[in-house]
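Reading through the C-alpha cells given below for one structure.
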Amino acid sequence: MKTRKNFLDWVSAKELIMENEMDQPKFYAIHEQKYVYGVLSEIIKSNPGVKAFVEDFGSLENQRYDIVNKRPIQDEYVISQAGRAIDFCAQSDTKKRKSSFLVNPELTNYLVHSTFLWNNIENEDLKAIPTYYLMIPTILDVAPKEICLTQLNALLLDIKDYGEVFTYGELLESVAGAMDYEEKELDKLLLDFVTAQVLYYQTLFPII
C-alpha cells in the first residue's frame, strides 16, 4: 500500500514518531485496523500542528476499510473475469486494438478521496492537491489493489460513467485531444494502460 508507506516516510521526515516506537509490519497489516488508528491518534496527540494532515490520511483509511468490510467479492465472478482478462492479454497488440470494453460497474464504489497528495511525497511538505484513489478489493485476504488517479490513470475518472461498450479506437481518440503525446507514443502508453487495467486491476472488462 503505497499511501501507507508514504505516510510513514512523511512521519519519519517530520520526526513525528521514533522508529523504535512503530511496529511497521503491524501498521501495514490490513487486519490491524485498531493499531493503525491508535498510531494516528498518538501522532495527533503529540503533534497537534499536523492534525489536518493526519486526519486526512485517516479519512482515506476509513474509506479503505469501508471497501474491505462492506464490499465482499464473489469468487465465481472474479474467476470468470480473470479468464477474460487472460484471454485478452494473450492476444496480439493488433487484436487488442480491435477490442471493445466495458467499465467495471463497481468502479465508482471503489473511489477514495483525500485532500493531500499521499501518493507522491518528495519531501516532508505535503501538497494540498485533492486526489482520488481506486481501492479495488480481491478475493485474497490482502489489502485492496490501490491506484492513484493522476496522469494517465486519471482517465478512469473520465470513463467511469460509461454505461455502454466502447472500442479501443474510441478511447484512443478521446484521449488524443487531451494529452500532449505523439500518436505512436500515446498508442503504446494507452495499450499498456488498458492491458494493466484489464489484467491486474480489472477496472476494464474486455468484450471477447
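Side chains included, hydrogens not; waters and symmetry mates left out as well; all remaining heavy atoms used.
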Exercise. Taking all non-hydrogen atoms of both residues, which atom of Ala154 and which atom of Leu149 are closest, and how far apart?
Worked result: CB-O, 3.7 Å
Problem set entry | Results of ring pair (Phe, Tyr, Trp, His ring centres under 6.0 Å) for Tyr168 - residues two or more places apart only | none
Exercise. At what distance, to the nearest 0.5 angstrom, does CG of Leu171 lie from CD of Glu173?
Worked result: 10.5 Å
Exercise. Roughly how far, to the nearest 0.5 Å, is the NZ atom of Lys51 from the CD1 atom of Ile43?
Worked result: 14.5 Å
Exercise. Can you check whether Ile17 reaches Glu42 side chain to side chain, under 4.5 Å on heavy atoms?
Worked result: no
For this session: Output every pair passing side chain to side chain donor-acceptor pair (under 3.5 Å) with a member in residues 32-41, not counting sequence neighbours, ordered by first then second residue.
Result: Tyr37-Asn62
Exercise. Aromatic ring centroids of Trp118 and Tyr133 under 6.0 Å?
Worked result: no
For this session: State, yes or no, whether a side-chain contact exists between Leu102 and Ile207 at a heavy-atom distance under 4.5 Å.
Result: yes
Seminar exercise, completed: Heavy-atom closest pair (Pro130 atom, His113 atom, distance to 0.1 Å) is CB-NE2, 3.8 Å
Problem set entry | Residue list, side chain to side chain donor-acceptor pair (under 3.5 Å) with Lys2, at least two apart or on another chain | none
Exercise. Would you say Arg4 and Glu146 make side-chain contact, with heavy atoms under 4.5 Å?
Worked result: no
Seminar exercise, completed: Interatomic distance, CZ@Phe7 vs CG@Leu60, rounded to 0.5 Å, equals 10.5 Å
Problem set entry | Beyond-backbone contact of Arg97 with Asp187, side-chain heavy atoms, under 4.5 angstrom | yes
For this session: Determine whether Phe193 and Leu156 make a side-chain contact, defined as any pair of heavy atoms from C-beta on separated by less than 4.5 Å.
Result: yes
Problem set entry | Parallel, tilted or perpendicular: ring planes of Phe101 versus Phe88, cut at 30 and 60 degrees | perpendicular
Problem set entry | Considering all heavy atoms, the nearest Gln202-Phe205 contact | O-CE2, 3.4 Å
Problem set entry | Residue pair Leu204 / Val103, side-chain heavy-atom distance below 4.5 Å | yes
Exercise. Does any non-hydrogen side-chain atom of Ile136 lie less than 4.5 Å from one of Tyr200?
Worked result: no
Exercise. Do the charged groups of Glu185 and Lys188 touch, with an N to O distance under 4.0 Å?
Worked result: no
For this session: Grab the two heavy atoms, one from Ala176 and one from Leu186, that are nearest each other, plus how far apart they are.
Result: CA-CD2, 3.5 Å
For this session: Start with the C-alpha gap between Phe57 and Trp10, add the side-chain angles, then the distance that decides, and say whether ring pair (Phe, Tyr, Trp, His ring centres under 6.0 Å) holds.
Result: CA-CA 11 Å; Phe57 181 79; Trp10 174 75; 8.8 Å; no
Problem set entry | Side chain proximity check, Thr167 to Ser100, heavy atoms < 4.5 angstrom | yes
Exercise. Which heavy atom of Leu117 sits nearest a heavy atom of Cys148, and at what distance?
Worked result: CD1-SG, 4.2 Å
Exercise. When you look at CZ of Phe166, are more than 12 heavy atoms from neighbouring residues, nucleotides or ligands closer to it than 6.0 Å?
Worked result: yes
